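What follows is one structure encoded as structure tokens, with my remarks underneath.
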Amino acid sequence: MDKIKTRFAPSPTGWLHIGGARTALFNFLLARKMRGIFLLRIEDTDRTRHDESAVGKIIDDLRWLGIQWDEGIEVGGPNGPYRQSERLEIYREYVNRLIQDGLAYYAFDTPEELEQMRARARAEKRDFRYPRPSEFPTPEDVKKARAEGKPVVVRFKTPQRDVTIHDEVFGEVTVSSNVQDDFIILKDDGWPTYHLANVVDDGLMGVNFIMRGQEFLSQTWRHVQLREALGFPEPRYAHLPLIMDMSGKKLSKRTGAVEVHAFRTAGYLPEALINFIALLGWTPGGDKEKFTLDELIEYFSIERINKANAKFDSDKLLAFNTAAIAEAPEDRLLEAFKDFLSLNDTPIPADDDELLKYLLRINKGFRTFTDIVNKCAVLFMKDDEFEYDQKAVKKVLAANDGAGFSILAELREKLAQCEWNQQELQRLIEGMCEEKSVGMGKIAQPIRVAVTGKTVSPAIYDTLMILGKEKTLARIERCLKMHSR
RNA sequence: GCCCCCAUCGUCUAGUGGUUUAGGAUACCAGGUUCUCAUCCUGGCGACAGGGGUUCGAAUCCCCUUGGGGGUGCCA
């Protein structure tokens, strides 16, 4: 049997979507598993929704995820170019051939006319099918239509026969000939539609295994019909169940983060995201659910792809991420942390590896890199730059007739004389606890609020060590002054 | 409207006719650890959509109903 060749063919209209990432991942996994080829092609035939920056964004996030392609955009290969906008002549050639063979024909309907026909069909409770003319327009008709400013498109003369798709996930799906109609393959602007470009490219590029979202399943008949008319060999098909949001609707921006980049920016690890989306619509069976990319390649199989749609539960992703972080080696974490910092504007200096490693260590148990920023950013701000959370001040410092403030005032003197290292600070604070026979919280919290303005920060000794003596004292001073005012 | 697809805890899923009082994870609830948050530990709650068949036996096979999703574009 031929070497398997899969592809991911995104349309550059925005960021890489979770659903797209899952499709890319499965295609990648299958290709690797079967020692085949994974190809990346850009399908940019819609010039109205085209966003040139999206190409780079999609490529960058795919690489971040660790999904690598063997052929295609940027890496090259024998079947380029890998951008449909650079292949326009090829599509024209195929369209012309179809027209010459009487397998496609010109049409001049305006969008308004088509809408009217559809409205009529709806009113008569039947589905709309484009009425094929008894005689196809001649080249003279086309000239005339152009002169009159009418739109000129090319429609495929769909052969009248039922089409059965042998889908490797959903089984045999037969589409009756009487729901198929003559769809457009070349638009008024001279660009091909998705169906035409997609089929031509898959054929020319030797793609023999098509795995994509289920939304295409009920349209696959178009590709089957076109492919046969064009004479390309039959590929294998596998459609993937859709990923829905928690309300059961198609994943969309309105209902939360669905872009891979959003999770990258929020401080997720790509390995966690990969592991999680791999399990959306697929399972290796059994109870194991933590997988590295290499393990996914090892376990992946088409037979174990589900049919039912999956809901994207970001809570579970968070749990996966937390676990992935806990297991990741320090240097891996450091690398990811720096990527995260480069993407975000934070006061944390991104160029001090030792400091970053220290932050990672003392924040053990964090869920995303954002957690670290939330806890630690204030430590890197100017002493008079951060805000005091008044609720925290009230609860920890002002309550009980300002008990917290009193402790703080006492601490100010002791800290001023303390040698600044973990052991001495610990001795000082624990000593004070014993002296007053109170728990750590009674001492640590007032300090924490005084030096960070919040009730949450790294362990108190770490907090003080990062700040250093000078800043600690300056902040306590500021806090006390605020009180006396 | 018409066409197609799907159906196990809230969610991701295991389960492919008997080994199942339906397992794991997550979420949630209750405890515990802890200087805060997070982590972590222990326990608990929680599902085979409904109805017919087939079979000695059905979550597993068939049919219907219901529910959900997708398609029906000069978008992919």
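Only a predicted model underlies this, so the values are computations on that prediction, with no experimental measurement involved. Naming convention: chains lettered A, B, ... in sequence-line order (proteins, then strands); numbering from 1 in each chain. Just so it is clear, the values below take in all heavy atoms, side chains as well, and ignore hydrogens, waters and symmetry mates.
- Residue contacts shown for A:P151 include a base, since a base heavy atom lies under 4.0 Å away.
- A straight line from CD of A:Q214 to C1' of B:G68 spans 12 Å, rounded to a whole angstrom.
- Nucleic acid contact class of A:R49 (heavy atoms, under 4.0 Å, all strands): base.
- The shortest distance between the side-chain N/O atoms of A:K311 and the OP1/OP2 oxygens of B:U11 is below 4.0 Å.
- Taking the side chain of A:D315 as heavy atoms from C-beta on, and the options B:C35, B:U11, B:U26, the nearest nucleotide is B:U26.
- The residue A:K364 sits close to a base: some heavy atom pair falls under 4.0 Å.
- For the C1' atoms, the distance from B:A25 to B:C64 is 35 Å, rounded to whole Å.
- At B:A76, one or more side-chain N or O atoms of A:T45 fall inside 4.0 Å of OP1 or OP2 (strictly under the cut-off).
- In this model, a side-chain donor or acceptor of A:K316 finds a partner on the base of B:A25 within 3.5 Å.
- For the P atoms, the distance linking B:C62 with B:U21 amounts to 24 Å, nearest Å.
- Regarding contacts with the backbone of B:A14, a side-chain N or O of A:R304 is found under 4.0 angstrom from either OP1 or OP2.
- Relative to the side chain of A:I184, the nucleotides B:A7, B:G71, B:C74 differ in distance, and B:C74 lies closest.
- Using a 4.0 Å heavy-atom criterion, one finds that A:D109 contacts the bases of the nucleic acid, with or without backbone contacts as well.
- When distances run from any side-chain atom of A:D188 to the nucleotides B:A76, B:C5, B:C74, the shortest one goes to B:C74.
- Residue A:G281 is in sugar-phosphate contact alone, with no base atom involved, counting any heavy-atom pair closer than 4.0 Å across all strands shown.
- Applying the 3.5 Å distance criterion, the base of B:C2 shares no donor-acceptor pair with the side chain of A:K125.
- Minimum atom distance to the side chain of A:V173 is reached by B:C4, of the listed B:C4, B:C3, B:G71.
- Looking at heavy-atom distances under 4.0 Å, A:F216 makes contact with a base.
- Remark: A:N374 is not in phosphate contact with B:C37, judged by side-chain N or O atoms under 4.0 Å from OP1 or OP2.
- Residue A:P458 is in base contact, counting any heavy-atom pair closer than 4.0 Å across all strands shown.
- With salt bridges taken as basic N to acidic carboxylate O contacts below 4.0 Å, none links A:E410 and A:K442.
- Between A:K288 and B:G23 there is no side-chain polar atom (N or O) within less than 4.0 angstrom of OP1 or OP2.
- When Watson-Crick and G-U wobble pairs are counted only if both distances are under 3.5 Å, B:G10 pairs with B:U26.
- Side-chain to base pairing of A:D313 with B:G10: one donor and one acceptor N or O lie within less than 3.5 Å of each other.
- With both ends at atom C1', the span from B:C48 to B:U20 equals 12 Å, rounded to whole Å.
- Which of B:C35, B:C74, B:G69 sits closest to the side chain of A:A444 comes down to B:C35.
- Comparing A:P111 and A:R126 by the nucleotide of RNA chain B that holds the closest heavy atom to each, the one mapping nearer the 5' end is A:R126.
- Using a cut-off of 4.0 Å between Lys/Arg side-chain N and Asp/Glu carboxylate O, A:R92 and A:E89 are scored as not salt-bridged.
- If you check B:G10, B:U72, B:A25 against the side chain of A:F320, the one that comes closest is B:A25.
- Looking at heavy-atom distances under 4.0 Å, A:A459 makes contact with a base.
- When side chains are defined from C-beta on, A:I348 counts as touching A:L356, because their heavy atoms get closer than 4.5 Å.
- Comparing B:G44 with B:G67, their C1' atoms sit 31 Å apart, to the nearest whole Å.
- Comparing B:A49 with B:G69, their C1' atoms are spaced 16 Å from each other, to the whole Å.
- Taking atom P on both nucleotides, B:C9 is separated from B:G32 by 33 Å, rounded to a whole Å.
- Across all strands shown, B:U36 forms no Watson-Crick or G-U wobble pair with both distances under 3.5 Å.
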Discussion item. Checking A:T463 against A:S457 for the side chain to side chain donor-acceptor pair (under 3.5 Å) test, could you report, in this order, the C-alpha distance in whole Å, the side-chain angles of both residues, the deciding distance, and whether it holds?
Written reply: CA-CA 7 Å; A:T463 298; A:S457 85; 2.8 Å; yes

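- Atom CD in A:E215 sits roughly 20 Å away from atom P in B:G68 (whole-Å rounding).
- Taking the C1' atom of each, B:C28 and B:C35 are spaced 28 Å apart, rounded to whole Å.
- Side-chain N/O atoms of A:K187 include one lying less than 4.0 angstrom from OP1 or OP2 on B:C75.
- Positionally, the nearest nucleotide of RNA chain B for A:T283 lies more toward the 5' end than for the other of A:T283 and A:G441.
- If you check every strand for non-hydrogen atoms under 4.0 Å, A:D371 touches nothing.
- A:V153 comes within 4.0 angstrom of a base, heavy atoms only.
- Considering only side-chain N and O atoms, A:R118 lies under 4.0 angstrom from the phosphate OP1 or OP2 of B:C74.
- For A:R222 and B:C74, the CZ to P distance is 9 Å, given to the nearest whole Å.
- Between the side chains of A:H239 and A:D167, at least one donor-acceptor pair of N or O atoms lies under 3.5 Å.
- For A:Q219, counting side-chain heavy atoms from C-beta on, the closest listed nucleotide (B:A25, B:A76, B:C74) is B:A76.
- Here the C1' atom of nucleotide B:G10 and the CE atom of A:M244 are 16 Å apart, to the nearest Å.
- Rounded to whole Å, the distance from NZ on A:K395 to C1' on B:C37 is 11 Å.
- Between the side chains of A:D44 and A:S85, at least one donor N or O lies within less than 3.5 Å of an accepting N or O.
- Using a 4.0 Å cut-off between a side-chain N of Lys or Arg and a carboxylate O of Asp or Glu, A:E435 and A:K414 qualify as a salt bridge.
- A:I460 comes within contact range of at least one nucleobase, with a heavy-atom separation under 4.0 Å.
- The same atom, P, is picked in B:U42 and in B:G52; the two are 43 Å apart, to the nearest Å.
- The phosphate of B:C35 has neither OP1 nor OP2 within less than 4.0 Å of any side-chain N or O from A:R448.
- Between A:R41 and A:N198, some side-chain heavy-atom pair lies under the 4.5 Å cut-off.
- Applying the side-chain contact (heavy atoms from CB on, under 4.5 Å) test between A:Y461 and each of A:I362, A:I466, A:I429 identifies A:I429 as the sole match.
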